[in-house]
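Please read the structure below before turning to the comments.
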Amino acid sequence: MEETFHYLIMTNHFIFQKQLFSMIRDTELSLGQPKILDYLRDHNGSIQKDISAACHIEQASLTSVLNGMEKKGLIIRKMRDGNRRSLYVFLTEKGSELAERIAAEFEKIEKSAMEGFSDKEKESLITLLSRVYRNICNNE
């Protein structure tokens with residue numbers, strides 16, 4: 001198959017996910033859960049709307065994913081200041097530990113993927129992929 005942009009993006013994403021899920025098989029996380037844990041690691045206590053936007057998950061789907069995470073004891077949802085309209089999502093101790101593990105696994109995969117790249121090449125790749133992301137978002 002020809003190495004087109006879309007093919008390379010999709011296959012790299014697929015291989016990244018495949019490696020991640022083989023590394024965390026024992027966690028029984030579902031497809032959307034690692035990125036939510038990763039997001040909450042840096043944004044603990046976020047509202048669902050912000051998680052949905054940052055993780056590119058539809059609100060209805062996110063509710064289902066969060067329900068599963070809550071059942072596994074990874075998160076809790078709480079009201080703040082008596083505001084019933086917005087539930088804030090917090091990592092539990094178990095969720096925080098798993099988020100740290102996920103971050104370490106992401107780092108291992110990224111290190112392997114970037115093997116042989118100079119610092120300048122890594123920076124350029126991140127810059128270019130960020131531009132692709134912004135361009136795609138601007139055309140939605």
Quick one: OG on S30 to CZ on F21, what's the gap to the nearest 0.5 Å? 7.0 Å
If you compare all heavy atoms of L29 against all heavy atoms of P34, which two are closest, and at what distance to 0.1 Å? CD1-CG, 4.1 Å
Applying side-chain hydrogen bond (donor to acceptor under 3.5 Å, both in side chains) to D26 and not counting sequence neighbours gives R101
Is F90 reachable from L66 through a run of I, L, V, M, F, W or Y residues, each pair having side-chain heavy atoms under 4.5 Å apart? no
Pairs meeting criterion side-chain hydrogen bond (donor to acceptor under 3.5 Å, both in side chains) with involvement of residues 34-43, two or more places apart: R41-E100
Measuring from atom CD of Q19 to atom CD of E110, what distance do you get when rounded to the nearest 0.5 angstrom? 11.5 Å
Is a side-chain N or O of S52 found less than 3.5 angstrom from the main chain of Q48, in a donor-acceptor match? no
Is any side-chain heavy atom of F14 less than 4.5 Å from a side-chain heavy atom of K18? yes
Hey, any chance I47 and V89 share a hydrophobic cluster, counting ILVMFWY side chains that come within less than 4.5 Å of each other, even indirectly? no
Heavy-atom donor-acceptor pair, T92 side chain to G73 backbone, under 3.5 Å: yes
Please determine if K108 and E105 form a salt bridge, counting it only when a charged side-chain N lies under 4.0 Å from a carboxylate O. yes
Side chains of I9 and H13: closer than 4.5 Å at any heavy-atom pair? no
Under a single-linkage definition using a 4.5 Å side-chain heavy-atom cutoff for Ile, Leu, Val, Met, Phe, Trp and Tyr, are L31 and L40 assigned to the same hydrophobic cluster? yes
As a quick check of understanding, evaluate side-chain contact (heavy atoms from CB on, under 4.5 Å) for T27 and Q33, giving each step before the final call. CA-CA 11 Å; T27 67; Q33 294 175 344; over 6 Å; no
Are F5 and L8 close enough that some pair of their side-chain heavy atoms sits under 4.5 Å apart? no
L125 versus M114: any side-chain heavy-atom pair under 4.5 Å? yes
I need the I136 CD1 to R134 CZ distance, nearest 0.5 Å. 11.5 Å
Should the pair F16 and F106 be assigned to parallel (<30°), tilted (30 to 60°) or perpendicular (>60°) ring geometry? tilted
Paired with I36, the side chain to side chain contact (heavy atoms under 4.5 Å, CB included) test is passed by just one of I102, L91, L74, L62, namely L62
Could you give the distance from CG (D119) to CD (E121), rounded to the nearest 0.5 Å? 9.5 Å
Is there a side-chain contact between M79 and L87 in this structure, where contact means two heavy atoms from C-beta onward sitting under 4.5 Å apart? yes
Return the OH to CG distance between Y88 and D50, rounded to the nearest 0.5 Å. 9.0 Å
Taking T63 for its side chain and Q59 for its backbone only, find out whether a donor-acceptor pair lies under 3.5 Å. yes
I126 versus E123: any side-chain heavy-atom pair under 4.5 Å? no
Tell me, yes or no, whether the heavy-atom count around K122 atom NZ, taken from other residues, nucleotides or ligands under 6.0 Å, exceeds 12. yes
